[in-house]
*Asks:* 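Before we start, here is the structure in question, set down as structure tokens.
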Amino acid sequence: MSAIDTLPPLREVIAAHGLSARKSLGQNFLLDLNLTAKIARQAGDLTGCDVLEIGPGPGGLTRGLLSEGARHVLSLEKDARCLPALAEIATAYPGRLSVLEGDALEIDPLAHLTPPIRVAANLPYNVGTELLVRWLTPPEWPPFWQSLTLMFQREVAERIVAKPGSKAYGRLAILSQWRADAGIVMHLPPGAFTPPPKVSSAVVHLTALPEPRFPADAAILSRVVAAGFNQRRKMLRASLKGVAPGIEDHLVAAGIKPTDRAEQIPLEGFCALARALETA
Ligand code: SAM
């Protein structure tokens, strides 16, 4: 297959800059540039978009995003050792790559981005879920991003797209599916990464809906879902007891059987319950 750019192969980049992978930073690198370009394509049409990337490392996905036509990529990287390698990519794509060094959980990247904005990342597993939850729970909806294309451990990816009745169904599924369309678009075996992680991975693509799928107050919905799934084996009349007085009546008003368990309730039911509690 033809090269995606004229920069050196990633193995050479890693050797030249001494980028031995650090477990503490969740470093499992993707070295196949055709694979990173394929992941970049899952993010949709990047031309005319700014892309926020978390954890570029030696820059495999960064190069994929740029070769696929992203207008501008802003990459946030905690490991300063990666910066010289990323500077070489910035030189090869003049004016199209900016890198901020630091912890993605602490940097507010918005001042550096111009809409429309897509997010794409082979996330460090230790911060992936936290970032996803933050991106899904901004103070205002629609959010700053049009889409999120993110690598997760396969098990986490399955929790994001899970449907009622499955073991994976829970808070992450409700949060993701309430205000976004979410689907798994790629599966990757451990051997796709260097070094290989212990678990399989999957890429999830989420597209922000213009407004939530069903009306509900975000804070009430979040409280109900957290309480329901914290004790997922209990009937809702017991697990939600502390949420509001007379919870059985609210459940009935929302069309939910008080003897059901959280994992049986579809998103629409949780939203109906949040509305019933709001008007109580
Ligand atoms: N994107 C590269 C690739 O696909 O080969 C690297 C992916 S590696 C799984 C995760 C990257 O995130 C590493 O480069 C690591 O240094 C970086 N990282 C870890 N924690 C971070 C944090 N809190 N903020 C920003 N970057 C972080």
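Each residue takes its place number in the sequence, starting with 1. Remember, it's 1-based here, ligands and their atoms both numbered in the order they're listed.
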*Asks:* Using a cut-off of 6.0 Å, state whether more than 12 heavy atoms not belonging to E268 lie near its atom CD.
*Replies:* no
*Asks:* Could you pull out all residues at least two apart from E88 that satisfy salt bridge (charged side-chain N to carboxylate O under 4.0 Å, His left out)?
*Replies:* none
*Asks:* Pairing donors with acceptors under 3.5 angstrom, does anything connect the side chains of H72 and S98?
*Replies:* yes
*Asks:* Using the test salt bridge (charged side-chain N to carboxylate O under 4.0 Å, His left out), find all partners of R71 that sit at least two apart in sequence or belong to another chain.
*Replies:* D50
*Asks:* Quick one: side chain to side chain donor-acceptor pair (under 3.5 Å) pairs with a partner in residues 164-186, sequence neighbours left out?
*Replies:* K163-Q177, D181-R213
*Asks:* Near ligand 1, which residues have a heavy atom under 4.0 Å away from one of its atoms?
*Replies:* L25, G26, Q27, N28, F29, L30, E53, G55, P56, G57, L76, E77, K78, D79, G102, D103, A104, N122, L123, P124, V127
*Asks:* Start with the C-alpha gap between R118 and S147, add the side-chain angles, then the distance that decides, and say whether side chain to side chain donor-acceptor pair (under 3.5 Å) holds.
*Replies:* CA-CA 5 Å; R118 294 184 185 271; S147 67; 2.9 Å; yes
